[in-house]
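Worksheet: the structure to be examined is printed underneath.
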Amino acid sequence: MKKSIITVVGKDTVGIIAKVCGYLADNNINILDISQTIVQGYFNMMMIVDASNAKSDFDTSADELAALGDEIGVQIKMQLEDIFNSMHRI
């Protein structure tokens, strides 16, 4: 399994989850876990996904998600689980 972490942060608007999940479904990326919250009008979502069967390579998917974020007014980052864990180790 090729796990990745996706984070989405920005001002809350209608359709953020739908657009992100639509991209993932269209690209055969499976959502394993998802958490989202809205605090004082700001949207924050973290997803753990399995990109083992993705239609594109990791870098392409990460770039396309970042571009999608620009389109909908949020910041979307996709990181490999190993790198994410290394960066957040205490």
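Keep in mind that what you see is a predicted model, and the values were worked out from it rather than measured.
The side chain to side chain contact (heavy atoms under 4.5 Å, CB included) test applied to D70 returns no partner, not counting sequence neighbours. Every side chain to side chain contact (heavy atoms under 4.5 Å, CB included) that I31 has, sequence neighbours left out, goes to C21, L24, I34, M47, V49.
Going from atom CD1 of I29 over to atom NZ of K55 covers 10.0 Å, rounded to the nearest 0.5 Å. In this structure, K3 NZ and Q79 CD are separated by 15.5 Å, a value rounded to the nearest 0.5 Å. In this structure, CD1 on I6 lies 13.5 Å from NZ on K77, to the nearest 0.5 angstrom.
In this structure the side chain of K2 reaches within 4.5 angstrom of the side chain of L80, judged on heavy atoms. Contact annotation: the side chain of I5 approaches that of I48 to within less than 4.5 Å [non-hydrogen atoms, C-beta and beyond].
Side-chain heavy atoms closer than 4.5 Å link hydrophobic residues (I, L, V, M, F, W, Y) into clusters, and following such links, even through other members, never connects V9 to V74. M45 and Y42 fall into different hydrophobic clusters, where Ile, Leu, Val, Met, Phe, Trp and Tyr residues are linked whenever their side-chain heavy atoms come under 4.5 Å apart, directly or through other members.
Under the side chain to side chain contact (heavy atoms under 4.5 Å, CB included) test applied with I16, the options V8, L68, I38 reduce to a single match, V8.
Within the structure, the side chain to side chain donor-acceptor pair (under 3.5 Å) test picks out the following pairs touching residues 20-36 (sequence neighbours left out): Y23-E64.
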